[in-house]
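When reading the values below, keep in mind they use all heavy atoms of this one structure, side chains included, and skip hydrogens, waters and symmetry mates. Predicted, not measured: the structure shown is a model, and the values here were computed from it.
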Amino acid sequence: MQNKRILFITHRYPKGKTTILEKDTAKSLFNKGNKVVVIAPTERRNNEETHIHKEDGIEILYIKTGNNFNETSKIEKIVTVLIRPFLIKRAIKKYYSNEKFDVIFGYTPFMANYKLFSSLKRKYNSKLILFLWDIFPQNARDLGLFKNQVIFKFLKYREKMMYKIFDKIICNCEGQIDYILKNNYNTQDNLILIRNSEFIGIKKEIDKQKLKKELGYNKKDIISIFGGNMGEPQELENIVNMIKELKDYNNLKFIFLGDGTQKSKLKKMKIENTISNLEILDFVEREKYEKILNICDVGLISLSKKYTVPNFPAKVTGYIKEGIPIFASLDSCSLEYLGQFIKENEIGEACLAGDILKMKSNFLDLVNKLNFYDKNNFEKIFSENFNANNIINLLKKELGDEENV
């Protein structure tokens, strides 16, 4: 059977050694003999024009767009999201007009515009597969980003049309499947559960205590980490308020690592409450992050209590891969799904965001039984639920090419 020609349209595809699911999936499909093309934005702040970059045999078309992430004004974010489908369509016409693609992947929330994908489906007669990361626009409305009912209804209509044009929808938790079925957006046969995944890779042996000392921590320190975006969706104020209640526990240390719109607010809270056991750091290279992660005892998850749609953050994957117990502060909807997953699999503690005393109690329970968490259990859960080979095996089935995909 002939190898496939595959197009990924994704909101991120970092250059170099950085590994993310989108990149790992594209590389695996390429290594199976398929032709793979990736289209991703390069934001205005990067000072790059639209260009083609080749990496590991894969052709990536980076399209210059406005800024959308980190500290960007709401107006620029809206303009960027509205204009980007037009820029992508124009670039595809310019660079790949004579190509043919058998399969096209899209990603929510910003790389699944139904008009764009409808036109591509007609042009290439391709099968469309959607990776559902975020449920938009409801998640944005929960955070107060859409107050105008007319705009919200328009975006809901576009969301409904998006779900209908994709042949298969990959959901990362049971809650997303329930959401789609409850709203009659698609049928069970077209919905597939695949969690945020990574490839296993080769684990390096490390001397944790030596590394702790090297990074400025004591042998008895219990270190908790949050790495990633520090914005309204995370509502890390809840974690900071919990840390404030734990100031008397001298061996409890916390690290926030990343950027985001709420980072300066969190730093201000740290100073105002004289919290000495919390470090708030900038993003570091992947290699440095993994080094820091190796000395950590607890992985932190934080979601805004305002959410009414399920979320299953990618951080869960990284923590389980490293065998690090999870402490999760969650909205009531995510608590029902992610919280239950954490509890049933005995990989940490989860509680309702904003209930600071309950958060403190649950966190101390987790810390007191750190030695009881079984590394073998983490390995088993990762292998069964988060191994990226599961996605490749799924694609073999869905694309009807057991030999070549």
Side-chain angles (χ1 to χ4, degrees), residues 69-72 142-145 212-213 215-284 288-289 292-293 295-307 311 313 315-316 318-319 324-332 334-335 338-339 342 348-370:
F69 295 104
N70 296 329
E71 297 191 29
T72 302
D142 289 343
L143 298 177
L145 300 180
K212 265 188 175 183
K213 186 177 180 180
L215 293 173
Y217 292 95
N218 296 321
K219 183 178 179 180
K220 292 183 179 180
D221 285 341
I222 295 172
I223 306 167
S224 302
I225 187 169
F226 176 92
N229 186 50
M230 303 182 203
E232 290 183 42
Q234 289 73 40
E235 198 179 358
L236 280 162
E237 300 95 307
N238 292 319
I239 300 292
V240 175
N241 283 325
M242 180 190 75
I243 296 171
K244 184 172 68 173
E245 295 295 321
L246 295 166
K247 284 197 296 184
D248 293 336
Y249 295 82
N250 296 325
N251 65 325
L252 298 183
K253 310 294 183 182
F254 298 85
I255 301 171
F256 289 0
L257 204 157
D259 281 311
T261 57
Q262 301 300 300
K263 187 173 182 178
S264 57
K265 179 181 178 180
L266 298 172
K267 284 184 173 181
K268 186 178 179 182
M269 288 180 69
K270 168 182 160 67
I271 294 169
E272 288 177 347
N273 293 284
T274 60
I275 301 173
S276 60
N277 59 340
L278 168 63
E279 283 191 280
I280 302 177
L281 308 173
D282 294 331
F283 269 123
V284 295
K288 178 71 180 294
Y289 172 71
I292 294 172
L293 199 59
I295 69 166
C296 292
D297 305 283
V298 178
L300 301 172
I301 302 287
S302 184
L303 291 172
S304 171
K305 59 180 173 289
K306 296 177 183 178
Y307 276 130
N311 287 281
K315 290 179 194 61
V316 175
Y319 295 150
I324 299 174
I326 296 167
F327 177 79
S329 167
L330 306 173
D331 59 274
S332 58
S334 298
L335 188 63
L338 173 54
I342 291 170
E349 293 280 345
C351 58
L352 192 63
D355 187 345
I356 305 303
L357 293 181
K358 179 65 174 175
M359 288 172 63
K360 175 186 176 182
S361 173
N362 282 24
F363 183 82
L364 290 175
D365 284 346
L366 183 151
V367 167
N368 288 331
K369 59 182 182 182
L370 280 176

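Residues Leu352 and Lys358 are not in side-chain contact: their nearest non-hydrogen atoms beyond the backbone lie 4.5 Å or more apart. A 4.5 Å side-chain heavy-atom check between Lys315 and Phe226 finds at least one atom pair inside the cut-off.
Summarising the geometry, atom SG belonging to Cys351 is positioned 9.5 Å from atom CD1 belonging to Ile342; distances are rounded to the nearest 0.5 Å. A distance of 9.5 Å separates CZ of Phe283 from OH of Tyr289, quoted to the nearest 0.5 Å. Note that CD of Glu245 and CE of Met359 are 10.5 Å apart. Values are rounded to the nearest 0.5 Å. Put simply, NZ on Lys213 and CD1 on Ile295 are 14.0 Å apart, with the number rounded to the nearest 0.5 Å. Distance check: Lys212 NZ to Asn218 CG gives 8.5 Å after rounding to the nearest 0.5 Å. Between Asp259 atom CG and Ser264 atom OG the span is 10.5 Å, to the nearest 0.5 Å.
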(request) Let me see the working for Tyr249 and Asn277 under side chain to side chain contact (heavy atoms under 4.5 Å, CB included), right down to the final yes or no. (result) CA-CA 9 Å; Tyr249 295 82; Asn277 59 340; over 6 Å; no

(request) Report the C-alpha distance between Ile301 and Tyr319 in whole Å, list the side-chain angles of each, state the deciding distance to 0.1 Å, and finish with yes or no for side chain to side chain contact (heavy atoms under 4.5 Å, CB included). (result) CA-CA 10 Å; Ile301 302 287; Tyr319 295 150; 3.7 Å; yes

(request) Starting from the C-alpha separation in whole Å, work towards a yes-or-no answer on side chain to side chain contact (heavy atoms under 4.5 Å, CB included) for Ser224 and Leu252. (result) CA-CA 8 Å; Ser224 302; Leu252 298 183; over 6 Å; no

(request) Start with the C-alpha distance between Val298 and Leu370, add both sets of side-chain angles, then the distance that settles side chain to side chain contact (heavy atoms under 4.5 Å, CB included), and finish with yes or no. (result) CA-CA 9 Å; Val298 178; Leu370 280 176; 4.1 Å; yes

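Ion pairing between Lys369 and Glu349 holds under the 4.0 Å rule for side-chain N and carboxylate O. We find that Asp355 and Lys305 are not joined by a salt bridge, their nearest charged nitrogen and carboxylate oxygen being 4.0 Å or further apart.
Using modelled atom types, no side-chain atom of Lys360 and backbone atom of Leu246 make a donor-acceptor pair closer than 3.5 Å. A distance-only check finds no donor-acceptor pair linking the side chain of Ser304 to the backbone of Glu235 [under 3.5 Å]. No donor-acceptor distance shorter than 3.5 angstrom exists from the side chain of Asp331 to the backbone of Lys306, with no hydrogens or angles considered.
Nearest heavy-atom pair across Lys253 and Asp221 is CE-OD1, 3.4 Å. Taking every heavy atom of both residues into account, Asn273 and Lys244 meet most closely at OD1-CD, 3.1 Å. Residues Pro233 and Leu143 come closest through the heavy atom pair CG-CD1, 3.7 Å. In terms of heavy-atom proximity, Asn229 sits nearest to Gly260 at OD1-CA, 3.5 Å. Listed here is the closest heavy atom pair of Ala350 and Gly339: CB-CA, 3.9 Å. Residues Gly348 and Leu366 share a closest heavy-atom pair of CA-CD1, 3.9 Å.
Taking the six-membered ring where the residue is Trp, Phe327 and Phe363 present perpendicular rings, their angle passing 60° and hence far from 30°.
Of the options Ile243, Val240, Leu236, a side-chain contact (heavy atoms from CB on, under 4.5 Å) to Met269 is made by Val240 and by none of the others. No option in Lys267, Lys270, Lys265 other than Lys265 meets the salt bridge (charged side-chain N to carboxylate O under 4.0 Å, His left out) test with Glu237.
Counting non-hydrogen atoms of neighbouring residues, nucleotides and ligands closer than 6.0 angstrom, the NZ atom of Lys247 exceeds 12 such neighbours.
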